[in-house]
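Computed over heavy atoms, backbone and side chain alike; hydrogens, waters and symmetry mates excluded. Since this is a predicted model, take the numbers as computed values, not measurements.
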Amino acid sequence: MNLTPAEKETVILFSEADETADVCTYDRRLKKKLNALSVRFPEQFRLKESLRCGGVCYTGPKRCIVI
């Protein structure tokens, strides 16, 4: 099953109570950056889940999320 471009979302989840954030994405560039961070800083960034149709979900420090 292929997803349409509109279905290939990036979702960032965190709360004020937690120090970590979850980033779930299908974006090719963001997946590459998150993978590089998990290789460089495995104690801070880790692959939480592989999603269907090629998506990934990583967990990392909330302070690293910049909007």
Residues that, via side-chain heavy atoms closer than 4.5 angstrom, fall in one hydrophobic cluster with L13: V11
Side chain to side chain contact (heavy atoms under 4.5 Å, CB included) partners for C64, two or more places apart: F45, P61
Taking only distance into account, with no hydrogens and no angle test, what donor-acceptor pairs under 3.5 Å do side-chain atoms of residues 35-43 form with protein atoms, sequence neighbours excluded?
unit_1 : atom_1 : unit_2 : atom_2 : d
S38    : OG     : N35    : O      : 2.7

Over all atoms of both residues, closest heavy-atom pair of Y26 and K8: CB-CB, 3.7 Å
Residue pair K62 / D18: nearest heavy atoms and the distance that separates them: NZ-O, 2.8 Å
Separation between OG1 of T20 and CZ of R63, rounded to the nearest 0.5 Å: 11.0 Å
Interatomic spacing from OG1 in T59 to CD in E49 - rounded to 0.5 Å: 9.5 Å
Backbone of C57 reached by a side-chain donor or acceptor of K31 within 3.5 Å: no
For K33, salt bridge (Lys or Arg N to Asp or Glu O under 4.0 Å) partners two or more places apart: none
Partners meeting salt bridge (Lys or Arg N to Asp or Glu O under 4.0 Å) with D22 (sequence neighbours left out): K48
Heavy atoms of other groups near E7 CD, more than 12 under 6.0 Å: yes
Any donor-acceptor pair under 3.5 Å from D27 side chain to R29 backbone: yes
Rounded distance [0.5 Å steps], CD in E19 versus CD in Q44: 12.0 Å
Side-chain hydrophobic cluster, 4.5 Å single linkage: members besides V23: I12, F14, L30, L34, L47, V56, Y58, I65, I67
